[in-house]
Number of protein chains: 2
Amino acid sequence: MAPTRAATLTDVAAEAGVSLATASRALNGSDRVVREELRTRVVEAAVRLGYTANAQAQAMARGSTDVVGLLVNDIADPYFSTIAAGLAAAAEEQQLLVMLCSTGGRPERELEFLSALRRQRGRAIILAGSRTSDRRHLGEVSRQLESFIGSGGRVAAITQPRLPVDTVVVDNRGGAHALATELAGLGYRRAAVLAGPEPLLVSRERRDGFVAGWKAAVGTDPVCVADDFSRDGGHRAMTRLLDQAPDVDCVFAANDLMAMGAMATCRERGVRVPKDLGLAGFDDIVSLRDVTPALTTVRLPLADMGRMALELVVGPPEDTLRRPKVKGEVVLRESTPARR
Amino acid sequence: MAPTRAATLTDVAAEAGVSLATASRALNGSDRVVREELRTRVVEAAVRLGYTANAQAQAMARGSTDVVGLLVNDIADPYFSTIAAGLAAAAEEQQLLVMLCSTGGRPERELEFLSALRRQRGRAIILAGSRTSDRRHLGEVSRQLESFIGSGGRVAAITQPRLPVDTVVVDNRGGAHALATELAGLGYRRAAVLAGPEPLLVSRERRDGFVAGWKAAVGTDPVCVADDFSRDGGHRAMTRLLDQAPDVDCVFAANDLMAMGAMATCRERGVRVPKDLGLAGFDDIVSLRDVTPALTTVRLPLADMGRMALELVVGPPEDTLRRPKVKGEVVLRESTPARR
DNA sequence: CTGAAAGCGCTAACAC
DNA sequence: GTGTTAGCGCTTTCAG
């Protein structure tokens, strides 16, 4: 059957025998009050006609939408999907719709999405881990964001404090520092770090925090190997590490994904965790619950971070940049038992 | 600073000294051709003014949008997030925007999203595992979908063949049947099934397929215990199973999440997998890579399923219902070694 | 409390 | 080729 033209507000008004304005006021909220009798007449007419407001038309007339954009690196990564879940729940409470973009790390994709959101006149955009370091690209992003903000849009970021926007910041340094202290206290003596890509701030902070903590506690410098912030990256880094420095007794991977990759390397190489080697990660992603041995990590309240980011973009804008902080909590598990 | 009014096409036209129509044709595509000279003039004016088309206005004038909705149960569940990733990638290729809704299993949320998408005049909506069985609710959903379709919207589902819409269907029965056959071939003799909620079709299909396969191969009826389709559900079900029938030698959990829960129960109870008990799941979610022992499962091409679903809603609509099928592939791993 | 009418920004006939 | 103009569906002054 041919798509029947959807009923419009005009239709409803006619059906109810009232003016367009009254129908609008009765149906789609307004400070104005409509007499109860008319009101019900309109509502009934609307139901009879199966009326659904046209959000586009409303957006145009009102000059604002209910859409917030969420930009993540990879929605299949549990780190991001948990953040997304938290954000989605908060968005629901605020009656906002979430537009999702999983960039797969491609900078051009990021820019496309920003511009799509400008076109959509989105109300806000939330950047979760825009993993880039290319200055040129970062410049472009800033430019896009500026004009988005300039035309009334709100922006918040999660752990990307390089952009001049409200940001949920994670105390990476402190978390990693605390972890190093704990590990040293457990009796480990020869540590290594599997860091993420050097240009990534998060990665540097975690590495530096760990190194500082370790130095303070043990007095030595951990070996550092860098690779991608992914499971495969962890796998490769660990392989190189075992070749370079087979005598380490504990390894800190800059995120859980890398730690899982490292664990896989250990299995392949016959290195027993935690017998031969203590291993720790960072983030406490949900899938960690099911790895064996259970992995020591620094827990981040991921879902809350999504929530917080959304809260940054609703409510009245503030003059000053906000940077709510979340701390990581060291969670010791089987992968790093006390070394006697 | 006050949000400066964004430049409109009218502004651009004025700046370029051409008519509105020409500006529109030059900027936002059209079959009409614009003389090169004017064209560049318009483009330059647009750049100068920082013009961004207003998607709302375009949608209204054109009568269609570039938005597709994706409805999932829980975006933090790796099953859904992997599907979402596949779908997002495909959407990008089609220049479509993805509106995400993570319902958390709440039926009312599902309906709200459907109606939001109608309001948005979304082009299509994809339902991934709308996990419900309530007839009343299903009726409401159908009604919403019908009017969505009636007004030109497209709908596709993933593994929810109860709705009269194009659906990516999974051969749950066949996959589970094949798994049962393999397990029997490996020498297992006393099987149990941790099924999902009885009302869920997927759950019944997997259970029935396994039972049928097992019966054909071994001749007996597996014990069945049902619970939620989640990690916790698997944990509870396994607990009950161990109490009821401690002598089973292999367990099939209706999805990987339940299998992981079951594995946790085993760890707590001191039941060794696979020594005391073989264990298998279904889906092959990505986090499975890192559990020990590696879990036998039936692999589903999750990202592809997201892709396929999107393909169902782009391109010309067909008269007949389409039901592309995907098969599961049995992947034997450490959790089910041969029983001698 | 209700109605008439002026837009919101853009596209697509329809003329020239 | 290019310009004019009539909508798209709704909100919101501005008058009654």
Side-chain angles (χ1 to χ4, degrees), chain A residues 3-43 45-46 49-66 116 118-123 151-152, chain B residues 3-43 45-46 49-66 116 118-123 151-152:
Chain A
T4 46
R5 192 176 68 69
T8 73
L9 192 55
T10 309
D11 299 337
V12 176
E15 171 90 8
V18 302
S19 76
L20 222 202
T22 301
S24 169
R25 298 198 263 253
L27 251 26
N28 307 325
S30 151
D31 35 349
R32 299 291 227 230
V33 185
V34 177
R35 191 167 19 119
E36 187 51 31
E37 181 208 332
L38 283 194
R39 177 185 188 67
T40 42
R41 228 160 74 200
V42 172
V43 171
L49 266 43
Y51 170 74
T52 302
N54 182 324
Q56 255 72 39
Q58 289 184 313
M60 217 163 112
R62 292 206 258 247
S64 81
T65 65
D66 297 333
R118 285 187 62 195
R119 272 198 299 276
Q120 293 293 324
R121 300 297 186 263
R123 193 185 279 201
S151 54
Chain B
T4 45
R5 191 177 68 70
T8 72
L9 191 56
T10 310
D11 300 336
V12 176
E15 171 89 8
V18 301
S19 76
L20 221 202
T22 301
S24 169
R25 298 197 264 254
L27 251 26
N28 306 325
S30 151
D31 34 348
R32 298 291 227 229
V33 184
V34 177
R35 190 163 23 115
E36 187 50 31
E37 181 209 333
L38 283 195
R39 176 183 190 68
T40 43
R41 228 159 74 200
V42 172
V43 171
L49 267 43
Y51 170 74
T52 302
N54 182 324
Q56 255 71 39
Q58 290 184 312
M60 218 163 113
R62 292 206 259 248
S64 80
T65 65
D66 297 333
R118 285 187 62 196
R119 270 198 301 276
Q120 293 292 325
R121 300 297 186 261
R123 192 185 282 200
S151 55

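So you know, we letter chains A, B, ... as the sequences are listed, proteins then strands, and number each from 1.
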Please enumerate all residues that pass salt bridge (Lys or Arg N to Asp or Glu O under 4.0 Å) together with B/Arg121, with sequence neighbours excluded.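 For B/Arg121 there are no salt bridge (Lys or Arg N to Asp or Glu O under 4.0 Å) partners, ignoring immediate neighbours.
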List for me each residue that meets salt bridge (Lys or Arg N to Asp or Glu O under 4.0 Å) alongside A/Arg123, sequence neighbours excluded, and say none if there are none.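 A/Arg123 satisfies salt bridge (Lys or Arg N to Asp or Glu O under 4.0 Å) with A/Asp66 once adjacent residues are dropped.
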Which atom names give the shortest non-hydrogen contact between [X] and [Y], and what distance separates them?
| X | Y | value |
| --- | --- | --- |
| A/Ala23 | A/Leu9 | CB-CD1, 3.8 Å |
| A/Gly122 | A/Thr65 | CA-OG1, 3.6 Å |
| B/Ala57 | A/Met60 | CA-SD, 3.4 Å |
| A/Arg39 | A/Ala26 | NH1-O, 3.2 Å |

Round to a whole Å and report the spacing from [atom1] of [X] to [atom2] of [N].
| X | N | atom1 | atom2 | answer |
| --- | --- | --- | --- | --- |
| A/Glu36 | C/dC1 | CD | P | 11 Å |
| A/Gln120 | C/dC10 | CD | C1' | 14 Å |
| B/Leu9 | C/dT11 | CG | C1' | 10 Å |

Roughly what angle, to 10°, lies between the helix axis at the start of the helix from C/dC1-D/dG16 to C/dC16-D/dG1 and the one at its end, five pairs per end?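 It comes to 40° between the two terminal axes.
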Both B/Val34 and A/Ala7 contact DNA chain D. Which one's nearest nucleotide lies toward the 5' end?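 Final value for this comparison: B/Val34.
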Within residues 53-60 of chain B, residues whose heavy atoms come under 4.0 Å of DNA chain C: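 Here the set is B/Ala53, B/Asn54, B/Ala57, B/Gln58.
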So, OP1 or OP2 of C/dG3: does either fall under 4.0 Å of a side-chain N or O from A/Thr22?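 Affirmative; the distance criterion is met.
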Suppose the criterion is salt bridge (charged side-chain N to carboxylate O under 4.0 Å, His left out): which pairs have a residue in residues 10-19 of chain A, not counting sequence neighbours?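 Salt bridge (charged side-chain N to carboxylate O under 4.0 Å, His left out) check on residues 10-19 of chain A returns A/Arg5-A/Asp11, A/Glu15-A/Arg48.
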Among all residues two or more places apart in sequence or in another chain, which pass the side-chain contact (heavy atoms from CB on, under 4.5 Å) test with A/Leu38?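 Result, side-chain contact (heavy atoms from CB on, under 4.5 Å) vs A/Leu38: A/Val18, A/Thr22, A/Val34, A/Arg35, A/Arg41.
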Pairing residues for A/Ala53 by the side-chain contact (heavy atoms from CB on, under 4.5 Å) criterion, not counting sequence neighbours: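 Result, side-chain contact (heavy atoms from CB on, under 4.5 Å) vs A/Ala53: A/Asn28, A/Tyr51, A/Gln58, B/Arg119.
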Tell me, please, the opening and closing nucleotides of DNA chain D, 5' to 3', among those with an atom under 4.0 angstrom from a non-hydrogen atom of chain A.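 Counting from the 5' end, contacts occupy D/dG9 to D/dA15.
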CZ on A/Arg25 to OG on A/Ser19, rounded to 0.5 Å: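 The OG atom of A/Ser19 sits 6.0 Å away from the CZ atom of A/Arg25.
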Identify all pairs in which a protein N or O lies below 3.5 Å from an N or O of nucleotides 12-16 of chain C, and state each distance.
residue	atom	partner	partner atom	Å
C/dC14	N4	B/Arg32	NH2	3.0

Heavy-atom check, side chain of B/Leu27 versus side chain of B/Val12, under 4.5 Å: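 SC-SC contact between B/Leu27 and B/Val12 confirmed.
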Would you please name every residue forming a side-chain hydrogen bond (donor to acceptor under 3.5 Å, both in side chains) with B/Thr52, sequence neighbours left out?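 B/Thr52 satisfies side-chain hydrogen bond (donor to acceptor under 3.5 Å, both in side chains) with A/Arg118 only.
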